[in-house]
Novice: 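Sharing a structure with you now.
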Amino acid sequence: MIHKFTMIILLLGMVALTGVLSAADAPAAPAARPNILFILSDDHAYQAISAYGDARQLIATPGIDRLAREGMRFDRCLVTNSICGPCRATILTGTYSHINGFYNNTNSRFDGSQPTFPKLLQAAGYQTAIIGKWHLESDPTGFDHWQILPGQGEYYNPAMIRDGQKIATKGYVTDIITERCLDWLKNRDPSKPFLLMCHHKATHRIWEPALRHLAADGDRVYPEPASLFDDYAGRGIAEHDQDMTIARTMTAQDLKLVPPRDLNAEQRVAWDAYYEPRNAAFRAANPQGRELVRWKYQRYLHDYLGCVRAVDESVSQLLDELDREGLSANTIVVYSSDQGFYLGEHGWFDKRWIFEESLRAPLLVRWPGITPPGSACDRIVSNLDFAQTFLAAAGLPAPQRMQGASLIPVLHGSTPEHWRTSFFYQYFEYPTPHHVRPHYGVVTDHYKLVQFFGTGEDYRELFDLSDDPGEMTSVLGQTQRAGIQAELEGELQHLRRELLVPDKFPAKAFGNTRLPDND
Ligand code: CA
């Protein structure tokens with residue numbers, strides 16, 4: 001039995017200690033550094049998240065919407081180079097492709113010796129893990145635990161590499177990644193703050209939904225975007241010459257007219273039960289011309305949105321686990337995708353362009369006590385900012401080479417006086433796989449000035465987003481826009497200088513083909 005007097009002394013001591021701690025620790029460093037749960041999907045278009053309120057109302061995503069309801073939705077999170085690997089390299093390093101060296105998906109290999117935010121968090125005492133898609137060729141660095149898909153990975157029964165060892169799995173990739181993240185959360189060292197990067201393969205091509213989601217949309221007919229049959233009039237050769245249309249580029253595999261190879265026999269039975277009767281009806285109807293494009297669009301959306309469903313369930317499960325473990329109050333949860341994606345706009349799938357659907361990634365952040373619940377931010381933020389944000393949240397300085405900014409002031413619901421009002425973009429990979437010409441440009445709230453380069457057919461375009469939000473007609477050279485055009489040209493040069501963008505790039509920056517005016 002503890003003596004009454006001892007109890008009083010102990011209680012007095014605790015009160016005194018609490019007083020000292022709160023006074024000393026409040027302004028400088030939070031008593032507990034926040035945990036970070038970073039959920040990244042692949043090619044998930046903001047149009048396919050209900051919190052973004054797309055006019056087509058393609059899907060309900062209650063899991064991701066919970067983050068919007070309890071945190072902040074970003075309406076203009078712009079990526080530096082809209083393609084998978086380069087976006088991941090930018091996220092890790094807080095730098096553009098010309099600084100981190102990862103320009104394209106064709107021949108780039110991530111230099112894991114450079115500073116990354118996971119590495120810096122790990123050195124500062126965070127327990128760090130990445131589970132899921134990595135896609136940067138070299139092994140991850142800066143993680144206490146890593147378990148990744150080799151390359152793009154498979155949707156069904158994917159092989160994984162766990163801390164360097166190849167392992168087999170059985171099941172659906174999104175579920176497997178989620179389960180392994182939940183296991184890691186349960187078994188982590190609770191004495192340390194954590195960084196968990198949950199990186200989904202979905203919703204990347206070839207869009208294989210989970211078996212339980214094949215019939216989830218009840219054969220809904222999805223609304224078409226206004227520009228499904230875009231003829232690219234009003235724009236230059238790059239838009240005419242691309243190879244990423246639903247009409248021309250999608251394969252029988254993309255369209256599930258042949259079954260995927262990664263299914264086991266049991267999975268194949270359930271797969272065929274859904275697709276075979278529908279494929280038979282398609283073959284019997286034998287649509288042509290625009291009707292064929294319409295059929296392909298419907299099949300594409302069915303499969304793509306089917307993949308979104310499992311990702312959304314994953315977000316719900318991870319948030320529920322944080323609740324169960326009592327971690328929600330001190331965990332920053334971020335949901336984003338490596339870039340945006342086309343869901344039929346301009347007749348396209350894929351990404352790459354400086355245009356809105358590919359340039360803009362979804363971004364939702366919940367940080368209890370910081371992000372006002374149900375808030376939205378229309379300032380220009382970027383995947384370039386993630387690294388500095390996480391470092392600042394942990395009370396760590398960012399290396400000089402990082403080129404973004406901490407989002408913390410924005411997350412509080414205010415915009416700092418000197419927040420960016422323009423953004424530099426640059427894309428390289430050409431000609432394969434989708435024949436999108438290299439281009440760079442400057443983006444503001446209302447305008448985009450684009451420069452195509454490197455192919456010997458260089459040209460510019462100017463888009464006025466206020467008049468033409470669908471970016472259908474370049475207004476370059478119009479007299480009434482001469483002022484804004486000159487201003488944007490000046491800003492473009494300013495940003496290129498500030499961001500140390502070279503005039504020439506090595507041939508490897510473009511992928512596998514040497515371009516005429518580059519060494
Ligand atoms: Ca991607």
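Remember, it's 1-based here, ligands and their atoms both numbered in the order they're listed.
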Novice: Would Gln339 count as a contact for the Ca ion (ligand 1), in the sense that one of its N, O or S atoms lies under 3.0 Å from it?
Specialist: yes
Novice: With respect to the Ca ion (ligand 1), what is the nearest N, O or S atom of Asp338?
Specialist: OD2
Novice: Find out whether the Lys NZ or Arg CZ of Arg73 is both under 6.0 angstrom from the six-membered ring centre of Tyr52 and within 45° of the ring's axis.
Specialist: yes
Novice: Do Glu313 and His213 have a side chain donor and acceptor closer than 3.5 Å?
Specialist: yes
Novice: Can you tell me, to 10 degrees, how wide the angle at the Ca ion (ligand 1) is between OD1 on Asp42 and OD1 on Asp43?
Specialist: 80°
Novice: Anything under 30° is parallel, anything over 60° is perpendicular, the rest tilted; go ahead and classify Tyr103 against Phe505.
Specialist: perpendicular
Novice: Please say which of Asp338, Asp43, Asp42 ends up in a salt bridge (charged side-chain N to carboxylate O under 4.0 Å, His left out) with Lys351.
Specialist: Asp43
Novice: If I take every N, O or S atom of Cys84, is at least one of them less than 3.0 Å from the Ca ion (ligand 1)?
Specialist: yes
